[in-house]
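Chain letters run A, B, ... following the sequence lines, proteins first and then strands; every chain starts at 1. Atoms considered below: every heavy atom in the structure, side chains included; atoms not considered: hydrogens, waters and symmetry mates.
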Amino acid sequence: MTVRLSVNGETHDVDVEDDAPLLWVIRDELKLTGTKFGCGIAQCGACTVHVDGQAIRSCITPVASVAGKKITTIEGISAGGPTPVQEAWIEHQVPQCGYCQSGMIMAVTALLKTNPSPTDEELAASVTNICRCGTYPRIREAVRALAAKG
Amino acid sequence: MATTRRMVLLGGATAAGALVVGYALWPSDRIARLNALDTADGEQFVTNWIKIANDDTITVVIPHCDMGTGIFTSLPQMVADELDADWSKMRSEQAPPDKLFANGALVEAFALNGAKPPAFLQGLADNTFRFVAANVSVPPIGYIPQITGGSSAVRGTGIYGMRVSAAAAREMLIKAAAARWNVPVEECSTAECKVMHEASGKSFGYGELAAEAAKYSPSPTPKLKPKESYKYVGKPVQRFDIPRKVDGRNKYSIDTQTPDMLYAAIRISPVFGGKLKSVNGDAVKGNRGVEKVISLDDAVVVVADRYWRARDAVATLAPAWENGANGKVTSAEITQRRRDALNGTSLKTDVDEGDTAAALAKGKVIEAIYEVPYLSHAPMEPVNATACFKDGKLEVWAGTQDGLGSRAFCAEAAGLDIENVTFHLTDMGGAFGRRLPGQYNFLTYAVKTAMALPGKPIKLIFTREEDMQHDFYRPNVMSRFKAVLGEDGLPTAWVNDYTTDDTANPQAHILYGIPNQKISAVVVPTHVPTGAWRSVEASWHGFFAETFVDELAHAAGKDPLEYRRALLKDKPRHLGALNTAAEKAGWGTPLPPGTARGIAIVESFDSIAAQVAEVEVSDSGVKVKRVVCAYDCGLVVNPSGLTQQIEGAIIFALSAARNGAITIADGAVEQSNFPDYEMIRLADCPEIEVHLLETGDRVGGGGEPGVPPLAPAVCNAIFAATGTRLRTLPINGQTITKQG
Ligand code: FES
Ligand code: FES
């Protein structure tokens, strides 16, 4: 059972079950550990990656369902140096433990692509990830600053 | 802040390691041992915790873990000021889990300074003191802590340790330069990582002097800088760790990678204390990748070549458990046990002032019973550890709140000498008390798994469900109050009886000066394991006392703010925090219908936190719209970092107040993952405003004290909006109706 995956622009043939969760394939097969495990049931968003530009929760995504699609992880969006979202995160000193932040940044990045100036409500409706350290006020500040730049 | 002689002496002792006699016993080979243990080329330890490299880079070796609180930046700020460093040269790194970097002296630092050590340290104090008093080497499995908890990093390690260590290092660098120039030390000064001699215009960089400086003995009483001359302490310096936490580079325990690694998933007896009776491991033996099914005393583990394969296999097993009487316990029954205990005869009184019986007889007794539920820590990164047992040696990788103690713990779990155990302390995705000593079930299982399948590293990861159902919970506590008001409406008697899982709680002692007080506790053991949860006892006593005071204010017909002001009239720091929170929140100004404010003030870990919550109650439920916090911890090292901790504490407390409840049915935890143990998310996150105050001469903690006032402030606001008084938590699920 070989599945052909395109991750961060590279093609990987992985020999795994069709229903293996994308999260663990990314972490254990491809050794890209920036994508995190938090709940395993699509509740927390720590495992968020992009599939064809859309934010999805990789912990419940069977790997075969994304074969041939363009998958991007936190490592992928960071390859060319910090993005505006990451710069805003540093400027607003968002992370605490940092564990949820890959997922947060992936979710916010996907939102800003379709809606560069979200309101607080639009942000909250779209980014439902959990941060147990409680970095939400700073996430909101950082996104407000990004939204103001449009 | 005022520095007492005692603190300086003590600080000297702390800087010198776990030797209460101070630098006199600074072993002459200590620097050599430190250098051998933890330096790269061109680096040199000058005092413990402080390394200086040829290029003047100063690395602060932190005897704590990074669980997200920012101490890897705030402690270097304290060092940079005492050492007259250039901030661009400052770095920090994790201390290795070795006794040379133990922070056991923290316990003395608190005790000798007249402060109470954080509760979690108290049980450890005996061992630590014995070690200190005897000045012996670490016994094979001794308990020499390297703990992060009790909001102690800045107020303990920083104030009593890092500052003194840095000030002593600065003096040693000056001595080295003065000796080279053959001039008196008085003619030398320091700035920006240089020692200067003004008369000759000469200077040396610290890097040039480090090796010679290290040959001097550190002074037990180095001169500390006055607060006015701080350049870095008090500034919102950017955290070192943040750039690597925004691009996926930061490595956590769960990211441990070693060649040949296997993965393990576990199912632990759902009933605490239950035993594994039998399991048919053959059911999964043919599954792809499955290497071994391991039966432990109270759990079954599947090891496979990939994590999901181990996880899916363990889920299909049908283990049989032996639960005993615990298998019947329910939350309702535990609550009944607590209620019975409060009505029983086993209460032990630890505060008895005045004559409460006489005072109660004089008026109408106001009585109320409160209860809070068990809570899980649910750190974002579920607990996990990687262990490898090979050739009689054990190697472990994990994130815990005590690296050195974890090494000893793993040695004991494996039955090995500590010399045969290597422990790699990793960063962790939150802890909140979950990864403290006493709560290392994830280490135990990882070590046992590795011992059962020697030769390969095995990463054991708890699923979220296992993490939530095998935690060490914030206890379920019941508390009963009786009070009588005097003619001025203020209480003349305060009687409080509460349950506890183990010992009496000093945090039940109230801030308010009430003439007749009696406070008693009764121990009610259950089979549910409990532990320290961010802010510990203050998380429940804060809710109880601050809600009951609100009830008294209402009974007296007084404004809750005015009432507290009257009770705190002789406590200027508390009044300051209370007034700041009230003023910034616009206390007394009109709000839309259905919206009201509530206030609460709690002191914990030597910090004072006052909060005003603005809450809207409507048909769609309770919405906390705004929280204003005034926070006085004596000294603010990094205002941005501290504000971040308080924001996080408020949200942590709000998740618990609104939704948090771990309940027991058939002896096991009913909740399993975020849908039934829900968290605040962006949509429910209030606007939060933090105002930092710096009064008093004792430095308080930053990580925890923001938690306790939140629940009472919110519930007091709900009462103000509706007249419904909530005496239990969580809020969701309770009926809130607008009263008359
Ligand atoms: S791990 Fe995928 S949503 Fe939580
Ligand atoms: S920063 Fe720790 S969980 Fe979000």
Chain B contact via A:E87 - which portion, at a heavy-atom distance below 4.5 Å | neither

For B:K623, look at atom NZ and say whether over 12 heavy atoms of other residues, nucleotides or ligands are found less than 6.0 Å away.
-> yes

Side chain, backbone, both or neither: which part of B:E465 has a non-hydrogen atom closer than 4.5 Å to chain A?
-> side chain

May I ask you to check whether B:W397 and B:Y252 place their ring centres under 6.0 Å from each other?
-> no

Chain A interface, residue from B:G648, B:G429, B:C685 that has the most non-hydrogen pairs under 4.5 Å = B:C685

In terms of heavy-atom pairs under 4.5 Å with chain A, the winner among B:G641, B:G248, B:A649 is B:G248

Looking only at A:G34, A:G98, A:C131, the option with the highest number of non-hydrogen pairs under 4.5 Å against chain B is A:G98

A:V94 portion near chain B, given a 4.5 angstrom heavy-atom threshold = backbone

Kindly compute the distance separating CG (B:D684) from CG (B:N659), expressed to the nearest 0.5 Å.
-> 8.0 Å

Side chain, backbone, both or neither: which part of A:I90 has a non-hydrogen atom closer than 4.5 Å to chain B?
-> both

Max heavy-atom pairs within cutoff under 4.5 Å with chain B, candidates A:K31, A:Q101, A:E75, goes to A:K31

Going by an N to O cut-off under 4.0 Å, is there a salt bridge joining B:K584 and B:E689?
-> no

Count the heavy-atom pairs under 4.5 Å between each of A:Q43, A:Q86, A:Q93 and chain B, then report the option with the highest count.
-> A:Q93

Which answer fits B:R249, side chain, backbone, both or neither, if we ask what part of it has an atom under 4.5 Å from a heavy atom of chain A?
-> neither

Can you find a side-chain donor-acceptor pair between A:T33 and B:Q257 that sits under 3.5 Å?
-> no

Chain A contact via B:I680 - which portion, at a heavy-atom distance below 4.5 Å | both

From the list B:P243, B:S640, B:A683, B:G70, the residue making the most non-hydrogen contacts under 4.5 Å with chain A is B:S640

Polar contact flag, side-chain donor to acceptor under 3.5 angstrom, A:E29-A:W24 = no

Lys/Arg-Asp/Glu bridge criterion (N-O < 4.0 Å) met for B:K625, B:E616 | yes

Using a distance-only test with no angle check, is there a side-chain donor-acceptor pair under 3.5 angstrom linking A:T11 and A:R4?
-> no

Counting heavy-atom pairs under 4.5 angstrom with chain B, the leader among A:G40, A:G38, A:P21, A:A125 is A:G38

Salt bridge between A:R138 and A:E141, side-chain N to carboxylate O under 4.0 Å?
-> no

Considering only heavy atoms, which portion of B:P379 lies under 4.5 Å from any heavy atom of chain A: side chain, backbone, both, or neither?
-> backbone

Heavy-atom contact with chain A under 4.5 Å, split by part of B:F72 = neither

Answer with side chain, backbone, both or neither: which region of B:D241 has an atom nearer than 4.5 Å to a non-hydrogen atom of chain A?
-> side chain

The interface call for B:S253 against chain A, heavy-atom contacts under 4.5 Å, is neither

Option in A:D28, A:I74, A:T83 with maximal non-hydrogen atom pairs under 4.5 Å from chain B = A:D28

Side chain to side chain contact (heavy atoms under 4.5 Å, CB included) partner of A:C47, the single match among A:R27, A:M106, A:R57 | A:R57

Where does B:I651 contact chain A at under 4.5 Å (heavy atoms): side chain, backbone, both or neither?
-> side chain

Chain A shares the most heavy-atom pairs under 4.5 Å, among B:K251, B:K245, B:E647, B:Q644, with B:Q644

Applying a strict 4.5 Å limit to non-hydrogen atoms, the region of B:D427 in contact with chain A is neither

What part of B:A431 lies closer than 4.5 angstrom to a heavy atom of chain A: side chain, backbone, both or neither?
-> neither

Pick one of side chain, backbone, both or neither for B:I688, based on which atoms fall under 4.5 Å of a heavy atom in chain A.
-> side chain

Start with the C-alpha distance between B:R658 and B:E678, add both sets of side-chain angles, then the distance that settles salt bridge (charged side-chain N to carboxylate O under 4.0 Å, His left out), and finish with yes or no.
-> CA-CA 9 Å; B:R658 197 189 64 165; B:E678 189 49 279; 5.6 Å; no

Begin with the C-alpha distance, continue with both residues' side-chain angles, and end with the deciding distance and a verdict on salt bridge (charged side-chain N to carboxylate O under 4.0 Å, His left out) for B:R306 and B:E291.
-> CA-CA 10 Å; B:R306 293 293 182 263; B:E291 297 259 338; over 6 Å; no

Considering only heavy atoms, which portion of B:R244 lies under 4.5 Å from any heavy atom of chain A: side chain, backbone, both, or neither?
-> neither

B:F652 and B:F432 aromatic centres sub-6.0 Å = yes

Ranking B:G289, B:P675, B:S655 by heavy-atom pairs under 4.5 Å to chain A gives rank one to B:P675

Is it true that A:E17 and B:R309 make a salt bridge, defined as a side-chain N closer than 4.0 Å to a carboxylate O?
-> yes

Toward chain A, the part of B:M428 with a non-hydrogen atom under 4.5 Å | backbone

B:P686, part contacting chain A, at a heavy-atom distance under 4.5 Å = backbone

Count the heavy atoms of every other residue, nucleotide or ligand shown that sit under 6.0 Å from NZ of B:K235, and state whether that count exceeds 12.
-> yes

Given the options A:T73, A:L32, A:D15, which has more heavy-atom pairs under 4.5 Å with chain B than any of the others?
-> A:D15

So does B:D255 pair up with A:K36, basic N to acidic O under 4.0 Å?
-> yes

